[in-house]
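Here the structure comes first, spelled out in structure tokens, and everything after it is commentary.
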Amino acid sequence: MAPVDRIRLMPAPGQIVTRFAPSPTGFLHIGGARTALFNWLYAKRMGGIFRLRIEDTDRARSTPEAIEAILEGLDWLGLQHDDEVVYQFARAARHREVVDELLAKGAAYKCYASQEELEAMRAEQKAAGKPMRYDGRWRDRVPDGPLPNVPPVIRLKAPQTGETIIDDQVQGEVKFRNDVLDDFILLRSDGNPTYMLSVVVDDYDMGVTHIIRGDDHLTNAARQRQIIDAMGWPKPVYAHLPLMHGEDGAKLSKRHGALGIHEYQNLGYLPEAMRNYLLRLGWSHGDDETISTAQAIDWFNLESIGRSPARVDFKKLNNLNGHYMRAADDGELAVAAQQLIGRMGRPPLTATQEAQLLKAMPSLKDRAKTLVELIDNMSFIFVERPLTPDEKALKALSEDARARLKRLGAALADVPWTAPEIEAAVRTFAEAEQAKLGDVAQPLRAALTGRTVSPPVFDVMATLGREEALARIADQAAA
RNA sequence: GGGGCCUUCGUCUAUCGGUUAGGACGGCAGCCUCUCACGUUGCAAAGACGGGUUCGAUUCCCGUAGGCCCCGCCA
């Protein structure tokens, strides 16, 4: 049994404790990431503790890979949990202990109905158009005769009258009539606890004071409250977040926005942009849109969480990511870009390329919304002479243009190699040719990058260095 | 079938009964400009529907419709 005192750590009196409790049956998707963010933010805001629990009681579907993905995803998002991770399955003995207590105080009972019997019961109820729920057939049965030869499950002897009220911080006061809540199972016939029981026990043992989770658990909250009441434990504060939908409004699934959080990393998004984006999906602070993590910690509250479901919107994520890219430190961005290049399976940058990346970073980061875009935009650094211009670039390299490039190359021979000096020289050259700057710059860009879109040509030249730049110009002038 | 939750521009949202219903993303148009991007100016764009309550409802109440969640020896 997991030592209870070890997982019930330090919360000081009055200190709040939140938790994120994913089940490792798949990757961490964007909805889970937002739930984790909100829990983390609230703990930070309140000077509390943010804990992580892996709900791995579904032995058939839980995988170590999923656990790893969740841990890595949270780490990338920068949502560091306090204390050690609690693994739910390891605490089964403790959960059984609570069931024994419930049994002893008459708040739970054994049910010998077989699964087939229950299926038949539900089928009958459905056919009769009646609500489908356990009918309590073993609730008050005194075992007078011989017991059926099936291992029993343990059910909660739930109240049958009155109502269970959840005072939710997001949804408001939600009432459930107790007669629509049946005697659900606490312990399976194989002796393993169910989710419903495990969450309650673990939250209690972990000292969780605020449960912030998905809307899909709202009805479960009522059942869990009944266990809490039966045990006489303190009631946690609930905040049920509206679910998130895919871009098309459909439920999140593998096909929609439900990419694993690591996919967002590979798509070139920055963690701080993700945090800002996720925060604004369901939470608001007046008209504020760009909210730093520090600011978010300062402002976050439960009252401002919206009640309606939201869709993921990549356009907005892109916009925010662009904002954070522009604001990012050049060196750090270069490191992030190189890491992504590595994950893409591409060879690492040479020392020269690394220096060029850093030099070009100011103009590079201004025109990329993601790191993937930035890497694509720096392709002029990767390409080797002689360049093969793409279709549009080829159009810019007319015969006249190539002839002019030849003259330009000569004009540039003795220019000091800095962007402003180069620009001045090219402008002078254009004037002498009685050409518009654009008519000189576009063929020049095509020759230097092989494309018609790039960072400012003068920056490109400065980045490339005199020798390489002049050689690329000569290549095209000669072609 | 039962219970619960939700509903403001295409999308995310603001509005604590009184606003020309605001902002952001995206879109369109212009400016800036060596391309792209940034920036900037402007434009189009919303209270699901029907009843109430009120001097006055996007806002409060009821109903309808639609969407979603739960009703499992999954979590």
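Lettering follows sequence order; numbering is per chain, from 1.
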**Item:** Under 4.0 angstrom between A:R213 side-chain N/O and B:C69 OP1 or OP2
**Value:** no
**Prompt:** Would you say B:C38 has OP1 or OP2 under 4.0 Å from some side-chain N or O of A:K369?
**Reply:** yes
Round to the nearest Å and state the distance from [X] atom [atom1] to [N] atom [atom2].
X: A:L281; N: B:C25; atom1: CG; atom2: P; value: 16 Å
X: A:Y134; N: B:G72; atom1: OH; atom2: C1'; value: 15 Å
X: A:Q160; N: B:G2; atom1: CD; atom2: P; value: 21 Å
X: A:R34; N: B:C12; atom1: CZ; atom2: P; value: 11 Å
X: A:K110; N: B:C73; atom1: NZ; atom2: P; value: 19 Å
X: A:I291; N: B:C25; atom1: CD1; atom2: P; value: 14 Å
X: A:M121; N: B:C71; atom1: CE; atom2: P; value: 14 Å
X: A:I227; N: B:A75; atom1: CD1; atom2: P; value: 12 Å

Does [N] have a Watson-Crick or wobble mate here (both distances under 3.5 Å), and if so which one?
N: B:G66; value: B:C6
N: B:G42; value: B:C28
N: B:C60; value: B:G52
N: B:U35; value: none
N: B:A21; value: none

Proximal nucleotide (of [options]) relative to the [X] side chain:
X: A:K315; options: B:G26, B:C12, B:C73; result: B:G26
X: A:L243; options: B:C70, B:C69, B:G22; result: B:C69
X: A:R122; options: B:C73, B:A75, B:G23; result: B:C73

**Prompt:** Can you give one letter per nucleotide of nucleotides 3-8 of chain B, going 5' to 3': B for a protein heavy atom under 4.0 Å from the base, S for sugar-phosphate only, - for none?
**Reply:** BSSSS-
**Prompt:** Which letters describe nucleotides 29-36 of chain B, given B = protein heavy atom under 4.0 Å from base, S = only from sugar-phosphate, - = neither?
**Reply:** -----BBB
Which value, in whole Å, describes the distance between the [atom1] atoms of nucleotides [N] and [M]?
N: B:U35; M: B:U20; atom1: P; answer: 43 Å
N: B:U8; M: B:U59; atom1: P; answer: 12 Å
N: B:A46; M: B:U58; atom1: P; answer: 15 Å
N: B:C34; M: B:A48; atom1: P; answer: 49 Å
N: B:G72; M: B:G67; atom1: C1'; answer: 24 Å
N: B:U53; M: B:C62; atom1: C1'; answer: 11 Å
N: B:G27; M: B:C9; atom1: C1'; answer: 12 Å
N: B:C49; M: B:U7; atom1: C1'; answer: 11 Å

**Prompt:** What residue among A:L302, A:I305, A:L37 forms side chain to side chain contact (heavy atoms under 4.5 Å, CB included) with A:Y42?
**Reply:** A:L302
**Request:** Test A:N276 against every option in A:L317, A:I291, A:N321, A:T293 by the side chain to side chain contact (heavy atoms under 4.5 Å, CB included) rule and name the one that passes.
**Result:** A:I291
Would you please say whether a donor-acceptor pair under 3.5 Å links the side chains of [X] and [Y]?
X: A:H240; Y: A:D168; answer: yes
X: A:W417; Y: A:E421; answer: no
X: A:T164; Y: A:R225; answer: no

**Request:** List in numerical order all residues of residues 316-329 of chain A for which some heavy atom is under 4.0 Å away from an atom belonging to RNA chain B.
**Result:** A:K316, A:N319, A:R326
**Asked** Under 3.5 Å, side chain of A:R402 to main-chain N/O of A:A477, donor-acceptor pair present?
**Response**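 Not confirmed, A:R402 side chain does not pair with A:A477 backbone.
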**Request:** Check for a donor-acceptor pair, side chain of A:S379 on one end and backbone N or O of A:I375 on the other, with a separation under 3.5 Å.
**Result:**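 A pair under 3.5 Å: no.
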**Prompt:** Any side-chain heavy atom of A:R307 sitting closer than 4.5 Å to one from A:V170?
**Reply:**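 Yes, at least one pair of side-chain atoms sits under 4.5 Å.
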**Item:** Flag side-chain contact, heavy atom, 4.5 Å: A:H95 against A:F89
**Value:** no
Spacing of [X] atom [atom1] and [Y] atom [atom2] [to the nearest 0.5 Å]:
X: A:R311; Y: A:K316; atom1: CZ; atom2: NZ; answer: 14.5 Å
X: A:F458; Y: A:I422; atom1: CZ; atom2: CD1; answer: 8.5 Å
X: A:R223; Y: A:T194; atom1: CZ; atom2: OG1; answer: 11.0 Å

**Prompt:** So does A:N377 reach the base of B:A37 with its side chain, donor to acceptor, closer than 3.5 Å?
**Reply:** no
**Request:** Find which nucleotide of RNA chain B each of A:A113 and A:A368 is nearest to by heavy atoms, and output the residue with the more 5' nucleotide.
**Result:**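 With A:A113 and A:A368 compared, the 5'-side residue is A:A368.
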**Asked** Pick the nucleotide of RNA chain B nearest each of A:M196 and A:G282; which residue has the one closer to the 5' end?
**Response** A:G282
**Message:** So that I know where these two stand, are A:F20 and A:H81 an aromatic pair - ring centroids less than 6.0 Å apart?
**Reply:** no
**Request:** Compute the centroid of each ring, for A:W138 and then for A:Y112, and state whether the two points are separated by less than 6.0 Å.
**Result:**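 Yes, they do, as the ring centres are separated by less than 6.0 Å.
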With a non-hydrogen cut-off below 4.0 angstrom, is [X] in contact with a base, only sugar-phosphate, or nothing?
X: A:A221; answer: nothing
X: A:H217; answer: base
X: A:T57; answer: sugar-phosphate
X: A:Q115; answer: base
X: A:R59; answer: nothing

**Asked** Are A:D183 and A:Q160 close enough, and set up right, to give a side-chain hydrogen bond (donor to acceptor under 3.5 Å, both in side chains), and what steps lead you there?
**Response** CA-CA 9 Å; A:D183 289 351; A:Q160 292 176 309; 5.3 Å; no
